[in-house]
Amino acid sequence: MSDSALKRKVREVLVSPKLGDTVHIQGWVRTKRESKAGLTFLEVNDGSYFQNLQVVVPADLPNYATEIPKLYPGSSVAVIGKEVQSQGGKQAVEVQARQVILIGACDPALYPIGKQKMSYEYLRDFTHLRSRTNTFSAIARVRNVLSMAIHGFFQERGFLWLHTPIITANDAEGAGQMFRVSTLDMDKPPRNEGGEVDFSKDFFGAGVNLTVSGQLEAEAYACSMGNVYTFGPTFRAENSHTSRHLAEFWMVEPEMAFAELEDDARLAEDFLKHLLRTVLEKCPLEMEFFKQRVEPTILETLSAVLNNPFKRLTYTEAVEVLKRSGETFKYAVEWGIDLQSEHERYLTEKVFKAPVILTDYPKAIKAFYMKVNPDGKTVRAMDVLVPGIGEIIGGAQREDKEEILAARIKEMGMQEAPLWWYQDLRRFGSVPHAGFGLGFERLVQFVTGMGNIRDVIPFPRTPGHIHI
RNA sequence: UGGUCAGUAGCUCAGUGGUAGAGCCCUCGGCUGUUAACCGAGUUGUCGUAGGUUCGACCCCUACCUGACCAGCCA
């Protein structure tokens, strides 16, 4: 293309038009409307903006009869033309084409993505193409904005982004089944005298797995760097077939030194509100789309979280509220049970109609590392519950006393030896510290209203499914 | 891993124990400002797979495959 016209993105043309200027646009045809009496309209999208750019193609272009009819959805094009005020009502600006070049053709007989409605389920078979749709490109941009909002929130507050390992020898947390990482010959692995696979002969000289959480390592750095956070992939080999589980997902885990549960709860509330405020500000078109096409109440739900103080109460108080409610639950409420999603959602949606932070859970239903309260029965745990989804954040103040932690490890039937380094953190200059974990895809689900977690990560991994 | 539901045209879906349907897509015709374009015509089928019941099965039964949802586990 010999023309020296300024290359611009669709976003730039639509957001800051320069009427009268000649512009060079490159993108993909989303749809084409033609009047065979002599005018064709192209909707061109280049990924920079939710909206398409309307390109008006006049019939006097030399390739009007030969190439323009072949501009099927999915074709890539270059357009040179003038930015003008649109005569149509649906857009302020459009491009009056002087030259349209078909760069890459797209055969509609073979192309899986069409103008017609497609189910999410169908599109899951085309994860490499589904970002060409409105829904999936909107999700991709929201995901990006949320990622940067996460970094922005912590960086502004002086938190250090910590890269915790993907491959780990820890299986201490018991957060679920882990993926084994091994270079041993699976047909003939070395075996010890007992006939078991001998992982001391493996690559690392030990059995290792993909991480299920960076929390324990984050604690190590918090106990020197002050405040840190992780944001990276984690892995669970659970055979879960639900709309809320992935085998590979991203997790955010801040950890603060010299901090107690109250600091943790405040951080969680500020964090969630910052994320929602940012996405509502930076993705208004995408959010409007989710409201219209995905979840009609999404904006109200997010506003409710953004504009209400989070309600704090203890697990014990929550159990009392639930028992007094007179509501019949599928699972009866008794002190000591782990609250079901029906209970959590009842609290946040019906009782308080606001986000709820529950604290001080029975120690038997929580992890070994959570700080035991003076009552000896509960731990300094917190769950943040939001309307529409239930638990979105789980956190705790960590046990900082070596003897109590050792006792808890035994109590939970875990091995003490692999946690020697974790105990060092309590031996050498121990401090109160606290943190929480947020499943990033569940956050994206919450923000977009998307029902299935497989649709909010670009390339989902679930049991039996790994398309590309 | 258990329970429930589903599988019909390339896509989204109707459908009935007795000739296989619509809309979209695509093709052709019409229309000089469309925008979910519109109007008219046309092309498109192993009704998930394998058995069984029946004069006759897309429909009823059984098994299997695949998917979704719910529960458990969790984030």
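Residue numbering restarts at 1 for every chain, and letters A, B, ... go by the order of the sequence lines.
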Taking only Watson-Crick and G-U wobble pairs with both distances under 3.5 Å, what dot-bracket line describes RNA chain B, where [ ] shows pairs that cross earlier ones and | shows pairs with another strand?
(((((((..((((....[..)))).(((((.......))))).....(((((..]....))))))))))))....
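Distance from the side chain of A/Pro108 is smallest to B/C26 among B/U34, B/A68, B/C26. With B/A71, B/A68, B/G33 as the candidates, the nucleotide lying closest to the side chain of A/Thr242 is B/A71. Which of B/A71, B/U34, B/C11 sits closest to the side chain of A/Ser86 comes down to B/U34. Of all nucleotides listed (B/G67, B/C69, B/U12), B/U12 comes nearest to the side chain of A/Ser119. Counting only heavy atoms from C-beta on, A/Tyr331 has its side chain closest to B/A71 among B/U32, B/G67, B/A71. The listed nucleotides are B/C74, B/G33, B/C11; the one nearest the side chain of A/Gln116 is B/C11. Nearest nucleotide to the side chain of A/Ser243, out of B/C69, B/U32, B/C11: B/C69. Closest approach to the A/Tyr72 side chain among B/G33, B/C73, B/C26 is made by B/C26 (side chain taken as heavy atoms from C-beta onward).
Salt-bridge check for A/Lys273 with A/Glu269: passed, with a basic side-chain N closer than 4.0 Å to an acidic carboxylate O. Classification of A/Asp383 and A/Lys366 as a salt-bridged pair holds, one side-chain N sitting under 4.0 Å from a carboxylate O. Here A/Glu83 pairs with A/Arg8 in a salt bridge; the nearest charged N to carboxylate O distance falls below 4.0 Å. Under the 4.0 Å criterion applied to side-chain N and carboxylate O atoms, A/Asp21 and A/Lys82 are not assigned as salt-bridge partners. A salt bridge between A/Lys90 and A/Glu43 is absent, with no side-chain N of the basic residue lying under 4.0 Å from a carboxylate O of the acidic one.
In this structure, A/Glu248 reaches neither bases nor backbone, as no heavy-atom distance under 4.0 Å exists between it and the strands shown. When heavy atoms are screened at a 4.0 angstrom cut-off, A/Gly114 is found touching no nucleic acid atom at all. Within 4.0 Å (heavy atoms only), A/Tyr111 reaches no atom of the nucleic acid at all. As judged by a 4.0 angstrom heavy-atom cut-off over every strand, A/Tyr122 is placed among residues touching the sugar-phosphate backbone only. When heavy atoms are screened at a 4.0 angstrom cut-off, A/Glu391 is found touching no nucleic acid atom at all. Among the atoms of the strands shown, none is found under 4.0 Å from any heavy atom of A/Arg293. Among the heavy atoms of the strands lying under 4.0 Å from A/Leu246 is at least one base atom, whether or not backbone atoms are also near. Using a 4.0 Å heavy-atom criterion, one finds that A/Gly89 contacts the bases of the nucleic acid, with or without backbone contacts as well.
The interatomic distance linking A/Gln87 (CD) with B/U34 (C1') rounds to 11 Å, in whole Å. Between the P atom of B/C74 and the CZ atom of A/Phe249 lies a distance of 12 Å, rounded to the nearest Å. Atom CG in A/Leu61 sits about 18 Å away from atom P in B/U32, given to the nearest Å. Following rounding to the nearest Å, A/Lys115 (NZ) and B/A36 (P) show an atom-to-atom distance of 11 Å. Residue A/Lys117 contributes atom NZ, which lies 19 Å from atom P of B/A22 at whole-angstrom precision. Rounded to a whole Å, the CG atom of A/Asn239 is 5 Å from the P atom of B/U1. Spacing between atom CG of A/Leu129 and atom P of B/C11 amounts to 14 Å, rounded to whole angstrom units. When the C1' atom of B/A36 is taken as reference, atom CG of A/Asn134 falls 11 Å away, rounded to whole Å.
A/Arg408 meets the salt bridge (Lys or Arg N to Asp or Glu O under 4.0 Å) test with A/Glu411; sequence neighbours excluded. In this view, A/Ala364 satisfies the side-chain contact (heavy atoms from CB on, under 4.5 Å) rule with no residue, not counting sequence neighbours. Under the salt bridge (Lys or Arg N to Asp or Glu O under 4.0 Å) criterion, A/Glu12 pairs with no residue, sequence neighbours left out. For A/Arg244, the side-chain contact (heavy atoms from CB on, under 4.5 Å) test picks out A/Thr242, A/Arg442, with sequence neighbours left out.
Comparing the same atom, C1', in B/G10 and in B/U27 gives a spacing of 15 Å after rounding to whole Å. Comparing B/U1 with B/U12, their P atoms are spaced 27 Å from each other, to the whole Å. With both ends at atom P, the span from B/A57 to B/U19 equals 12 Å, rounded to whole Å. For the C1' atom pair drawn from B/C58 and B/C26, the interatomic distance equals 26 Å after rounding to whole Å. When the C1' atom is compared between B/G48 and B/G7, the two are found 6 Å apart, to the nearest whole Å. Taking atom C1' on both nucleotides, B/A36 is separated from B/C24 by 10 Å, rounded to a whole Å. B/G40 and B/G15: their C1' atoms are spaced 27 Å apart (whole Å). One C1' atom belongs to B/C47, the other to B/A20, and the distance between them is 8 Å to the nearest Å.
Residues in residues 136-153 of chain A take part in these salt bridge (charged side-chain N to carboxylate O under 4.0 Å, His left out) pairs, two or more places apart or across chains: A/Arg141-A/Glu286, A/Arg143-A/Glu441.
Applying ring pair (Phe, Tyr, Trp, His ring centres under 6.0 Å) to A/Phe154 and the options A/Trp161, A/Tyr229, A/Phe231 leaves one that passes, A/Tyr229.
Side-chain to base pairing of A/Glu94 with B/G33: one donor and one acceptor N or O lie within less than 3.5 Å of each other. With hydrogens and angles left out, the side chain of A/Ser240 and the base of B/C73 share a donor-acceptor pair within 3.5 Å. Interface remark: the A/His245 side chain does form a donor-acceptor pair with the B/C73 base, using a distance-only criterion of under 3.5 Å. Residue A/Gln91 places a side-chain atom within donor-acceptor reach of the base of B/U34, judged by atom type and a 3.5 Å distance cut-off alone. Counting distance only, with no hydrogens placed and no angle test, the side-chain atoms of A/Gln54 and the base atoms of B/U34 include a donor-acceptor pair under 3.5 Å.
Between A/Ser341 and A/His465, it is A/His465 whose nearest contact on RNA chain B lies nearer the 5' terminus. Comparing A/Pro73 and A/Asp338 by the nucleotide of RNA chain B that holds the closest heavy atom to each, the one mapping nearer the 5' end is A/Pro73.
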